[in-house]
There are 2 protein chains.
Amino acid sequence: MDKKPNDQTTAIWVLLNIAHKRVTQTFEAELKRARLPSAAWYDILWALERAKDGMRQNQLESQSLFDQPNLSRTIKRMVDDGLVTQCPAPSDRRGRVLRITDDGKALRAQMWEVYGRLMLSQIEDKVPDAHISGLIEGLASLIPEKDEKLQGKLNSARDGAEN
Amino acid sequence: MDKKPNDQTTAIWVLLNIAHKRVTQTFEAELKRARLPSAAWYDILWALERAKDGMRQNQLESQSLFDQPNLSRTIKRMVDDGLVTQCPAPSDRRGRVLRITDDGKALRAQMWEVYGRLMLSQIEDKVPDAHISGLIEGLASLIPEKDEKLQGKLNSARDGAEN
DNA sequence: GATTAATAGATGCATGTGCATGTATCTAAA
DNA sequence: TTTAGATACATGCACATGCATCTATTAATC
């Protein structure tokens with residue numbers, strides 16, 4: 001190695017892994033304890049609930065952290081569970097339009113009771129004000145530019161940080 | 001929900017997941033491209049190389065992000081590959097002392113060429129100076145107190161941040 | 001010292017994930 | 001319009017992970 005990463009770089013890499021693991025494990029454990037599906041399901045349900053007119057599967061794929069084959073299977077399970085419907089896309093016969101069902105909405109609301117509380121207890125209560133914006137900007141800087149899907153959310157968070 | 005998480009909290013949660021996924025994927029993809037084992041193997045090899053006199057398996061478990069059964073199997077594979085040896089512990093006949101082999105050291109050194117470069121390109125080059133300490137402290141605040149194993153590393157990173 | 005609890009580690013099983021590939025459909029170029 | 005390539009989604013397979021459980025051994029309690 002011509003140039004070695006410095007201690008701060010190492011700390012970021014180590015902490016990113018540990019923090020993600022610990023926080024994720026807590027989320028999954030609490031959801032499971034409440035006999036609810038995983039956080040990934042919540043994210044899908046919430047994305048579909050916001051999309052009033054349904055959403056193409058490939059669009060959802062680009063917004064989620066699932067890769068295509070994995071999303072395909074997950075959606076299948078959610079359809080089997082009656083949480084989501086899959087209709088042929090009108091404009092493209094290859095495609096499918098996904099819609100959340102009433103059962104899906106009900107489950108999402110139920111999950112939010114746990115999920116939202118976890119966001120408060122595991123994140124909002126823990127990160128000191130002084131480091132919130134550094135954490136947000138620092139994490140954002142690690143993400144490739146093309147991930148622009150989250151710019152809106154990021155900007156509103158930046159606004160909040162300035163208050 | 002009595003109280004809703006604010007936008008910054010949401011941003012942290014979303015960004016933590018995306019950043020972790022993207023950075024991890026890049027690491028794994030580059031290691032695979034170089035026909036090298038995963039980053040998790042690097043961490044084990046490095047921990048064992050630092051432990052001059054070998055290391056008990058449960059001690060390694062508490063330092064790594066593996067849970068016990070998974071570490072057990074991973075070590076087995078590494079032993080099969082000749083990277084690590086597993087000797088009965090002298091003081092506790094249940095236990096095993098792990099040691100890295102010369103082949104293991106050679107592989108770790110080879111992996112470092114890729115791994116270290118990735119830390120530079122994916123982290124050090126990307127996080128602006130202004131957000132380094134906020135990112136470190138913010139991530140650290142998400143981790144339960146009992147995770148003290150990393151305090152040393154964290155402190156030296158803090159020192160670096162003050163320069 | 002016998003019994004009970006706790007710990008170190010291994011193994012079985014169900015599930016999740018990444019990756020390669022398959023099929024159908026759409027788009028574009030010859 | 002035929003054909004080559006790209007895109008949407010599904011499927012098969014190898015492997016990783018989480019969780020429950022098993023065995024062997026040590027520590028603690030009576």
Side-chain angles (χ1 to χ4, degrees), chain A residues 17-18 20-33 35-44 54-81 84-99, chain B residues 17-18 20-33 35-44 54-81 84-99:
Chain A
N17 283 299
I18 299 179
H20 177 262
K21 186 93 168 197
R22 297 279 180 258
V23 176
T24 296
Q25 275 179 337
T26 303
F27 269 63
E28 296 301 339
E30 286 300 305
L31 285 167
K32 182 162 289 184
R33 219 168 58 86
R35 301 179 186 281
L36 292 169
S38 74
W41 281 41
Y42 181 86
D43 294 342
I44 292 178
M55 193 179 225
R56 283 289 297 275
Q57 192 162 311
N58 58 347
Q59 191 185 351
L60 177 58
E61 181 199 330
S62 68
Q63 288 187 19
S64 75
L65 292 178
F66 285 96
D67 58 355
Q68 181 270 316
N70 200 17
L71 178 63
S72 176
R73 269 183 281 253
T74 301
I75 293 296
K76 186 177 186 336
R77 284 175 215 126
M78 296 177 85
V79 170
D80 291 345
D81 287 6
V84 169
T85 60
Q86 230 177 2
C87 305
S91 58
D92 185 339
R93 276 187 299 174
R94 294 167 302 181
R96 293 173 175 267
V97 174
L98 308 177
R99 269 176 247 275
Chain B
N17 283 298
I18 299 179
H20 178 261
K21 185 96 168 194
R22 297 277 179 258
V23 176
T24 296
Q25 276 180 337
T26 303
F27 270 62
E28 296 301 338
E30 286 300 306
L31 285 167
K32 181 163 287 183
R33 218 168 59 86
R35 301 180 185 281
L36 292 169
S38 74
W41 281 42
Y42 181 87
D43 295 342
I44 292 178
M55 193 179 225
R56 284 289 297 274
Q57 193 162 311
N58 57 348
Q59 191 185 351
L60 177 58
E61 180 199 332
S62 69
Q63 289 187 19
S64 75
L65 291 178
F66 284 96
D67 59 353
Q68 182 271 318
N70 199 16
L71 178 63
S72 177
R73 267 183 282 252
T74 302
I75 293 296
K76 185 175 184 340
R77 282 175 216 126
M78 295 176 85
V79 170
D80 291 345
D81 287 6
V84 169
T85 60
Q86 232 176 2
C87 304
S91 57
D92 185 338
R93 276 189 298 174
R94 295 168 301 181
R96 290 171 176 269
V97 175
L98 307 177
R99 269 177 246 276

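By convention in this document, chain letters (A, B, ...) are assigned in the order of the sequence lines, proteins followed by strands, and residues within each chain are numbered from 1. None of these values were measured; they are calculated from a predicted model. These numbers come from the heavy atoms of this one structure, side chains and all, not from hydrogens, waters or symmetry mates.
We find that CZ of B/R33 is positioned 18 Å from C1' of C/dG18, with the value rounded to whole Å. Note: CD (A/E61) to P (C/dC19) measures 13 Å, nearest angstrom. Between A/L98 atom CG and D/dA8 atom P the separation is 13 Å, expressed in whole Å. Between the CZ atom of A/R96 and the P atom of C/dA24 there is a distance of 13 Å, given to the nearest Å. Whole-Å rounding puts the B/K76 NZ to D/dT17 P distance at 17 Å. The CZ-P distance, from B/R56 to C/dA10, rounds to 11 Å in whole Å. For the pair B/L31 CG and C/dC19 P, the computed distance is 12 Å after rounding to whole Å. In this structure, B/D67 places its CG atom 15 Å from P of C/dA8, rounding to the nearest Å.
Nearer to the 5' terminus of DNA chain D, by closest-nucleotide assignment, is the contact made by A/P69 (compared with the other of A/P69 and B/F66). Looking at which nucleotide of DNA chain C each of A/A40 and A/S91 is closest to, the 5′-most match is held by A/A40. The residue among A/L71 and A/R94 whose nearest nucleotide of DNA chain D lies closer to the 5′ end is A/R94.
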Derivation and outcome, side chain to side chain contact (heavy atoms under 4.5 Å, CB included), residues A/M78 and A/T74:
CA-CA 6 Å; A/M78 296 177 85; A/T74 301; 4.1 Å; yes
Salt bridge (charged side-chain N to carboxylate O under 4.0 Å, His left out) evaluation trace for B/R77 with B/D81:
CA-CA 6 Å; B/R77 282 175 216 126; B/D81 287 6; over 6 Å; no
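The heavy-atom pair separating A/D92 from A/R94 by the smallest distance is OD2-NH2, 2.7 Å. When all heavy atoms of A/Q86 and A/L98 are compared, the pair lying nearest together is CG-CD2, 3.4 Å.
A sub-4.0 Å separation between OP1 or OP2 of C/dC26 and a side-chain N or O of A/R93 is present. Side-chain nitrogen and oxygen atoms of B/R73 include none within less than 4.0 Å of the OP1 or OP2 phosphate oxygen of D/dT17. Between B/K21 and C/dG18 there is a side-chain N or O to OP1 or OP2 distance below 4.0 Å. Contact annotation: A/R77 does not reach the phosphate of C/dT15 (side-chain N/O to OP1 or OP2, under 4.0 Å). Applying the 4.0 Å criterion to OP1 and OP2 of C/dT17, one finds that A/N70 has a side-chain N or O inside that range.
Residue-to-nucleotide contacts include a donor-acceptor pair under 3.5 Å from the side chain of B/Q68 to the base of C/dA10.
Using a 4.0 Å heavy-atom criterion, one finds that A/N58 contacts the sugar-phosphate atoms exclusively. Among the atoms of the strands shown, only primed sugar atoms or phosphate atoms (P, OP1, OP2) are found under 4.0 Å from some heavy atom of B/Q86. The residue A/Q57 sits close only to the backbone: its heavy atoms come under 4.0 Å of sugar-phosphate atoms, none of a base.
Of the possible polar contacts, none joining the B/S72 side chain to the B/Q68 backbone as a donor-acceptor pair under 3.5 Å is found.
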